[in-house]
Amino acid sequence: MKIWFRRLCVAAGLGAAVWSAPSNAQDVQVNSYALQPMTVENNGVIEGPVAQLVHEMLKAAGVDQQIPAVPVARLLATMEQGGIIGFPLARNPEREPKYQWIVQAYKDGFSFATIAPDAAVDSFEDAQKLTAVTVNNNSAPFNMLNRNGFTNLDIANSEQLNAAKLYAGNVDAWFSVASGFKPIATSQGLDAGKLVIGKPVQDISVWVVGSKDIPAEIVEKMRARFDEMVKSGEYDAIMKDVLPPG
C-alpha cells in the first residue's frame, strides 16, 4: 500500500518520492486504457480479448488483480515511474529504450478515417492538406504524425473524443489503429457505416510492456504462459473475432 501511495503522489505531481524497485509479484501494478475492440472499459476496469490474454499471463507470474482503465498519457507517465505492466502499446523508436517489451499481443496498422461522402485518406501527404486531424494525445499515432511534420493536429485525450469530434464535423479526419475505428464509433452510438477508412499508412506491432524494474522472473513467466497459449490454440480462440485481416 505504501509503495502504491508513493507512486500516486508522483503521478499526481504532489512531490518527489523515492521507492525501491518491485521485488515480487505483489509490488507490481497493471494499467491499461480502452482501445476497442482489443481493450474495453467497464466501470473503470479494462476487459476485452487482450486483457484476457494478459490476465492469463499475470496469473502464471503470481499477479492476480483487476486492471484499472487510465488515459494513455497517464499510463505512459506511470510506466516511467516504475513497477508497472501496461498494454496495449505500439512499439516505436521513441518507446523502444524505455520499457521491457514482454510479448507482442497482435499486429495492426495506422490509418486515417473520414466520414462519407468525404474521400478516403490514404497517405500522410493527403492528410497534411486537411484543416484538422484529430489524434489521441501522447499516443503512438500522435508520435507518428509529429515525426512526419504535421501542423494541423487537433488533440484529444481519448479515442472516444476523437470519434465524437469527427462525427460532429469539428475535424476532417481521425488517425488511429485500423481495427479500432468501427468498434469505438459503435460503442458511442455512432453509425460506423459512415466511416471511410483509408489504407494503412504504417504497419505496427502492439505489445504488453513492463517498466525497466519489473523483475526478470515475472517477465519470463508471462512470456512462457503466452507461448503456451499460442501453441495450444488458446490465443487464436480469444483473438479470432478481433484480429485485423491478413
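Below, all heavy atoms of this structure are taken into account, side chains as well, without hydrogens, waters or symmetry copies. These figures come from a predicted structure and were not determined experimentally.
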Under-4.0 Å salt bridge between E220 and R223:
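R223 and E220: not salt-bridged.
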For [X], look at atom [atom1] and say whether over 12 heavy atoms of other residues, nucleotides or ligands are found less than 6.0 Å away.
X    : atom1 : value
K194 : NZ    : no
K212 : NZ    : yes
E94  : CD    : yes

Shortest non-hydrogen contact from [X] to [Y]?
X    : Y    : result
K129 : E125 : CG-O, 3.5 Å
N138 : R95  : O-NH2, 3.6 Å
P37  : S179 : CD-O, 3.2 Å
A173 : F112 : CB-CD2, 4.5 Å
A132 : D154 : CB-CB, 4.5 Å
T39  : S32  : CG2-OG, 3.9 Å

Taking the side chain as every heavy atom from C-beta outward, state whether [X] and [Y] have any atom pair closer than 4.5 Å.
X    : Y    : value
F124 : M144 : yes
W174 : V121 : no
I204 : R91  : no
E159 : V177 : no
M57  : M229 : yes
L195 : Y167 : yes
S176 : N136 : no
W101 : E96  : yes

Looking at [atom1] of [X] and [atom2] of [Y], how far apart are the two atoms once the value is rounded to the nearest 0.5 Å?
X    : Y    : atom1 : atom2 : value
L190 : L166 : CG    : CG    : 9.0 Å
Q100 : M222 : CD    : CE    : 10.0 Å
N92  : N143 : CG    : CG    : 5.5 Å
K182 : Q36  : NZ    : CD    : 15.0 Å
Q160 : Q188 : CD    : CD    : 5.0 Å
M79  : Q29  : CE    : CD    : 12.5 Å

For side chain to side chain contact (heavy atoms under 4.5 Å, CB included), just list the numbers for K98 and E80, CA-CA rounded to whole Å, side-chain angles, deciding distance to a tenth of an Å, and then say yes or no.
CA-CA 7 Å; K98 295 181 179 180; E80 293 192 33; 3.4 Å; yes
Would you mind telling me which of D172, N170, N162 makes a side chain to side chain donor-acceptor pair (under 3.5 Å) with T134?
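Result for side chain to side chain donor-acceptor pair (under 3.5 Å) with T134: N162.
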Indicate, with yes or no, if [Y] and [X] share a hydrophobic cluster defined by side-chain heavy-atom contacts under 4.5 Å among Ile, Leu, Val, Met, Phe, Trp and Tyr.
X    : Y    : result
L161 : L145 : no
L35  : V40  : no
L130 : I115 : no
L89  : L243 : yes
F181 : V206 : no

Of L76, I214, V208, I84, the residue whose pairing with Y99 passes side-chain contact (heavy atoms from CB on, under 4.5 Å)
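When side-chain contact (heavy atoms from CB on, under 4.5 Å) is applied between Y99 and each of L76, I214, V208, I84, only L76 qualifies.
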In sequence, state the C-alpha distance, the side-chain angles, and the governing distance for M38 and M239, and then conclude on side chain to side chain contact (heavy atoms under 4.5 Å, CB included).
CA-CA 8 Å; M38 303 301 180; M239 297 291 287; 3.9 Å; yes
Could you walk me through whether V30 and F87 pass the side chain to side chain contact (heavy atoms under 4.5 Å, CB included) check?
CA-CA 9 Å; V30 187; F87 66 96; 4.1 Å; yes
Within the distance-only criterion (no hydrogens, no angle test), does the side chain of [X] pair as donor or acceptor with the backbone N or O of [Y] below 3.5 angstrom?
X    : Y    : result
N137 : I155 : no
S232 : E234 : yes
N152 : V133 : no
Q128 : N148 : yes
Y106 : W207 : no
E41  : I46  : no

Verdict with reasoning, F150 to F142, per side chain to side chain contact (heavy atoms under 4.5 Å, CB included):
CA-CA 10 Å; F150 275 70; F142 173 83; over 6 Å; no
Pair E217, K221 - check salt bridge (charged side-chain N to carboxylate O under 4.0 Å, His left out), show working.
CA-CA 6 Å; E217 180 183 6; K221 287 180 178 178; 3.1 Å; yes
